[in-house]
Amino acid sequence: MNAAHAIEMHGIVKRFGNFCALDEVELEVKKGSIHAILGENGAGKTTLMNILYGLYDYNKGQILVHGKEVHFKSPRDAIHAGIGMVHQHFKLIEPYTVLQNIVLGYEKKGLFGFIDYRKARKEIEALIKAYHFKIDLDAKVRDISVGMQQRVEIVKALYRGADILIFDEPTAVLTPQEIHELTGCMKNMTEEGKTVIIITHKLEEITQCASRCTIIRRGKFITEVAVDGCDTKKLASLMVGREVNFSVKKQKKAGTEPMFEIRNLTVEDRQGICRLSDLSLEVHHGEIVGIAGVDGNGQQELFEAISSLIMVKSGTITIHSKEIQNTDPKTMLENGITVIPEDRQKDGLVLDFTVAENLISQNLSAPQFSRHGFLKKPEIMASSAALIEKYDIRPSGCSALKCRALSGGNQQKVIIARAIARNPDLIIAVQPTRGMDVGAIEFVHKALIEEREKGKGILLISLDLDEILKLSDRVAIISSGHITGVFDAQDADKGKIGTLMVGGKN
Amino acid sequence: MNMEKLIKIQLTNIILATVVGFILGGIVLVLTGYNPLEAYGALFSGIFSKPKYIAQVVIKSTPIILTGLSFLVAFKSGLFNMGAEGQYLTGSIVAAIVGSKLDFPGGIHFLAVVVSAVTASALLGAVIGILKTKWGVNEVISCIMFNWFLLYLNNYLITTPWLKKPNAEASYEIHETAWSLVAGKWKTTEKGIAALSGSGSPFAEMLLRTDLNYGIVIAVIVAVIIYILYKKTTTGYRLQSVGANINASRLSGIPVEKNIICAMALSAAISGLAGALTITGMMPHRLSQLRVHEGYGFSGIAVALIGANSPIGCIFSGLFYSMLEYGSSSIQSKTGAASEIMDLVIGTIIFFIAISSLFRIVLKKKKGESKHE
Ligand SMILES: Nc1ncnc2c1ncn2[C@@H]1O[C@H](COP(=O)(O)OP(=O)(O)OP(=O)(O)O)[C@@H](O)[C@H]1O
Ligand SMILES: [Mg+2]
């Protein structure tokens with residue numbers, strides 16, 4: 001027992017059925033520090049934090065908060081003890097406004113039991129100011145960007161009086177700019193005496209802001225290190241248990257005819273506001289084109305326009321000289337395009353279906369999976385087992401497991417496996433490595449490069465500029481729904497791209 | 001979780017809920033001055049003491065098994081079908097018309113009745129689905145609207161000279177060729193009546209005194225088909241996928257609007273089948289004046305709930321529900337206690353089953369079996 005520790009977790013064991021997700025895990029977090037937890041996809045980080053937050057029971061172990069032993073029955077108890085959590089997958093109610101979402105579940109009732117929104121608004125505005133956030137309290141959650149949603153989650157936790165904050169992969173969805181703001185915000189918090197626990201797969205973030213780091217591998221506690229003495233390479237090898245190769249090698253390809261073309265695309269939203277204006281772009285065979293930009297500059301709309309989820313006002317989208325704008329996702333798939341959507345839980349997976357079922361969702365009528373409308377179960381299971389093996393989806397042999405039971409990074413692997421297994425001509429990848437560990441990212445990058453070598457086209461939409469520069473042959477910068485510049489990746493200058501990215505923004 | 005475990009848990013739930021329901025009913029009986037043992041004795045003898053009673057239970061379970069399945073089908077696709085009443089009426093109206101106005105040989109006539117009734121209610125379902133997908137009309141609202149529309153249509157039709165039987169507040173009966181009674185023709189002939197009442201065996205009495213019909217067989221077949229549909233077919237996959245995550249389904253190339261319309265049509269078709277089978281299988285084989293809905297819709301929801309949203313489960317929960325309902329009448333006739341006591345018991349049972357499902361979900365979340373993300 002040590003009063004200088006905000007959190008102590010000792011010998012935590014957690015089983016899901018026969019599967020042991022956590023095996024005697026240790027965690028000690030100093031008061032007023034930023035503590036990182038590092039581990040591969042499926043290592044058990046989220047599970048450990050869910051236990052700390054009172055969401056899950058545990059089979060064995062001891063938890064102390066500020067030196068006092070606790071037994072949380074529900075998040076309510078954890079919140080009461082001053083613990084706040086910003087989840088990997090946000091828990092906001094989409095049709096409600098930001099203000100309602102923050103107040104929800106923690107209503108301070110006024111006269112006659114009505115929620116006193118005026119008072120709540122004042123308090124929340126004060127918080128927002130103190131942390132220099134930009135949040136529109138009256139916007140509906142479904143209308144705001146993912147980065148904004150996260151800030152809402154943070155404010156929600158702070159509003160409930162948290163002095164220990166858990167961030168589960170907070171930066172996975174943020175732009176470099178937003179990440180910068182977030183680290184500033186976390187540092188502010190520790191200066192005020194708050195304690196921060198952060199789970200992240202981005203090693204630089206750990207070296208930049210955390211003081212200590214706990215490493216978990218496959219549910220086992222490996223070690224706790226002081227971050228000062230470590231570089232990213234060391235952290236990566238500690239976590240994966242082997243050397244990780246950060247750079248990718250690819251051969252230069254000769255230019256060919258474009259296979260996929262977007263011409264003068266204009267898209268308006270329901271209010272008639274222009275989201276994409278006169279956007280043109282092309283992808284050649286064997287080429288990775290990266291779209292770089294600040295979140296909310298039309299990336300989502302571009303993806304939605306290609307997959308016909310939204311209507312195009314003017315302009316064309318052609319693949320193999322066939323126009324596919326304003327059709328439907330089915331037509332897109334049939335013409336050899338697959339997508340890796342940004343929001344895996346909302347647009348990617350049916351969480352209540354099994355891994356095997358999700359893996360065939362785009363291929364239901366293919367003769368290898370069904371005949372006369374009847375599913376061929378053995379073939380489906382065999383193909384799923386092969387993909388699980390090939391893409392190292394964990395836990396191994398999870399064909400019959402519901403996707404809900406997979407860790408975030410492994411859910412992402414299911415989507416990627418499904419996309420590539422279709423053998424498409426063009427892959428639209430939106431944030432394809434969101435929430436993946438460095439080992440898995442290495443794998444996905446390799447897989448994408450491999451597709452490129454096979455002559456496939458890849459349109460990579462990512463907020464992670466480093467990822468774009470690393471993978472792309474050409475980089476296009478999007479700003480306010482318009483392409484403001486296209487570079488060959490070799491002679492791309494990060495500084496210039498950065499200026500272009502924000503330049504077009506109002 | 002595997003099927004076996006699920007069944008076990010649901011069974012314990014039902015048994016527990018039933019015990020609680022009966023205890024609560026017993027308390028009310030005591031408070032109102034009746035002997036609960038006597039009343040429940042009457043209940044059980046009213047269900048099990050004669051083959052005739054058991055037959056009644058089975059007969060009465062047919063429509064609610066079907067409306068239960070109907071609710072389940074819509075629910076799996078994320079729809080809330082509150083319109084089983086209206087769809088049931090569509091089925092029975094069409095059945096009465098085709099059964100009384102057209103002439104076919106036996107058997108074929110029955111088929112014609114069923115097919116046309118099912119088609120008509122499927123169309124109604126499709127309309128509800130189209131209203132939802134094209135114009136965003138919530139299915140609950142359109143369903144309730146259609147429920148009343150069809151009730152008044154029923155009441156109007158049986159006043160028209162075309163369908164109204166002279167000197168009756170009802171329509172013409174459907175022809176015997178469309179009946180689905182077991183030994184329907186023979187048992188109404190003089191010879192049949194003589195043979196049955198002469199034999200003195202309880203089974204003969206069952207045949208003679210009840211409307212024992214083939215409906216239950218059809219209901220069981222439908223349940224099995226639905227089970228196979230969801231377990232083994234691509235259509236079933238799509239229908240469920242749309243209910244479980246509409247966005248992901250759309251992006252996977254599944255035509256979601258079409259599937260929603262199909263789900264609603266299928267759901268309505270099954271309720272329509274319930275209506276048709278009641279007309280063909282039960283006296284008086286005709287439409288009559290209705291003041292309110294017959295309640296098959298709500299019973300259907302209860303049946304689907306008790307059946308843990310499994311098609312096969314619906315068969316058993318339908319039988320169970322029908323048992324309690326039918327048995328309640330003998331409580332009244334034998335002890336004088338109001339049969340509403342059984343409504344209370346049924347209500348309590350459903351309440352506790354619903355609660356226990358909720359409870360189970362919460363428990364599962366804690367253990368992390370259903371991941372909270
Ligand atoms: N509800 C559940 N049922 C069964 N297994 C589960 C459940 N939740 C998690 N698991 C398993 O426990 C392991 C740890 O999962 P967890 O979500 O904690 O991983 P993680 O370290 O957060 O990974 P990621 O970086 O991908 O988010 C995984 O193998 C996962 O499949
Ligand atoms: Mg996680």
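Convention: sequence-line order gives letters A, B, ...; per-chain numbering from 1.
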J.: Rounded at 0.5 Å granularity, tell me how far OG in B:Ser252 sits from CG in A:Asn358.
T.: 7.5 Å
J.: At their closest point, which heavy atom of B:Lys231 faces which heavy atom of A:Lys377, and how far apart are they?
T.: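 In this case the closest contact between B:Lys231 and A:Lys377 is O-NZ, 2.8 Å.
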J.: Identify which part of A:Arg344 has an atom lying under 4.5 Å from any heavy atom of chain B, answering side chain, backbone, both or neither.
T.: neither
J.: For residues 358-369 of chain A, which residue pairs qualify under salt bridge (Lys or Arg N to Asp or Glu O under 4.0 Å), counting only residues two or more places apart or in two chains?
T.: none
J.: Counting only heavy atoms closer than 4.5 Å, note whether A:Phe303 contacts chain B via side chain, backbone, both or neither.
T.: side chain
J.: With a sphere of 6.0 Å drawn around NZ of B:Lys258, does it hold more than 12 non-hydrogen atoms of other residues, nucleotides or ligands?
T.: no
J.: Checking A:Lys346 against chain B: side chain, backbone, both or neither under 4.5 Å from a heavy atom?
T.: both
J.: What do you reckon, is CZ of B:Phe320 surrounded by more than 12 foreign heavy atoms closer than 6.0 Å?
T.: yes
J.: Can you tell me how far apart NZ (A:Lys376) and NZ (B:Lys232) are? Round to the nearest 0.5 Å.
T.: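 NZ of B:Lys232 is found 15.0 Å from NZ of A:Lys376.
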J.: For side-chain contact (heavy atoms from CB on, under 4.5 Å), just list the numbers for A:Ser361 and B:Arg238, CA-CA rounded to whole Å, side-chain angles, deciding distance to a tenth of an Å, and then say yes or no.
T.: CA-CA 9 Å; A:Ser361 69; B:Arg238 293 195 185 95; over 6 Å; no
J.: Is the number of heavy atoms from other residues, nucleotides or ligands under 6.0 Å of B:Lys76 NZ greater than 12?
T.: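 Count over threshold, so yes.
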J.: Nearest 0.5 angstrom please: A:Leu375 CG to B:Tyr237 OH, how far?
T.: 8.5 Å
J.: Mind listing the closest non-hydrogen atom pair of B:Thr234 and A:Ser370 along with its distance?
T.: CG2-CB, 3.6 Å
J.: Could you tell me the separation between the CD1 atom of B:Ile254 and the CG atom of A:Asp328, rounded to the nearest 0.5 Å?
T.: 12.5 Å
J.: Is B:Ile228 close to chain A through its backbone or its side chain, or both, or neither, when contacts mean heavy atoms under 4.5 Å?
T.: side chain
J.: At a heavy-atom distance under 4.5 Å, which candidate from A:Ile51, A:Leu349, A:Asp352 has the highest pair count against chain B?
T.: A:Leu349
J.: Does atom CZ of A:Arg142 have more than 12 heavy-atom neighbours from other groups under 6.0 Å away?
T.: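 Result for CZ/A:Arg142: enclosed.
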J.: Counting heavy-atom pairs under 4.5 Å with chain B, which one of A:Phe369, A:Phe353, A:Phe374 comes out on top?
T.: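 Among the listed options, the one with the most contacts to chain B is A:Phe353.
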J.: How about B:Phe298: does its CZ atom have over 12 heavy atoms from other parts shown lying under 6.0 Å from it?
T.: no
J.: Please rank A:Thr331, A:Val350, A:Asn363 by heavy-atom pairs under 4.5 Å with chain B and give me the top one.
T.: A:Val350
J.: When only pairs under 4.5 Å are counted, which of B:Leu229, B:Ile246, B:Leu251 shares the most heavy-atom pairs with chain A?
T.: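 The answer is B:Leu251.
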J.: Can you measure from CZ (B:Arg250) to NZ (A:Lys330) and round to the nearest 0.5 angstrom?
T.: 14.5 Å
J.: Who wins among B:Gly236, B:Ala244, B:Ser241 for the most heavy-atom pairs under 4.5 Å with chain A?
T.: B:Ser241
J.: Is it the side chain or the backbone of A:Asp347 that comes within 4.5 Å of chain B heavy atoms, both, or neither?
T.: both
J.: Could you tell me which residues satisfy side-chain hydrogen bond (donor to acceptor under 3.5 Å, both in side chains) with A:Asp343, sequence neighbours excluded, listed by chain and number?
T.: none
J.: Below 4.5 Å from any heavy atom of chain B, which atoms of A:Glu334 appear? Answer side chain, backbone, both or neither.
T.: neither
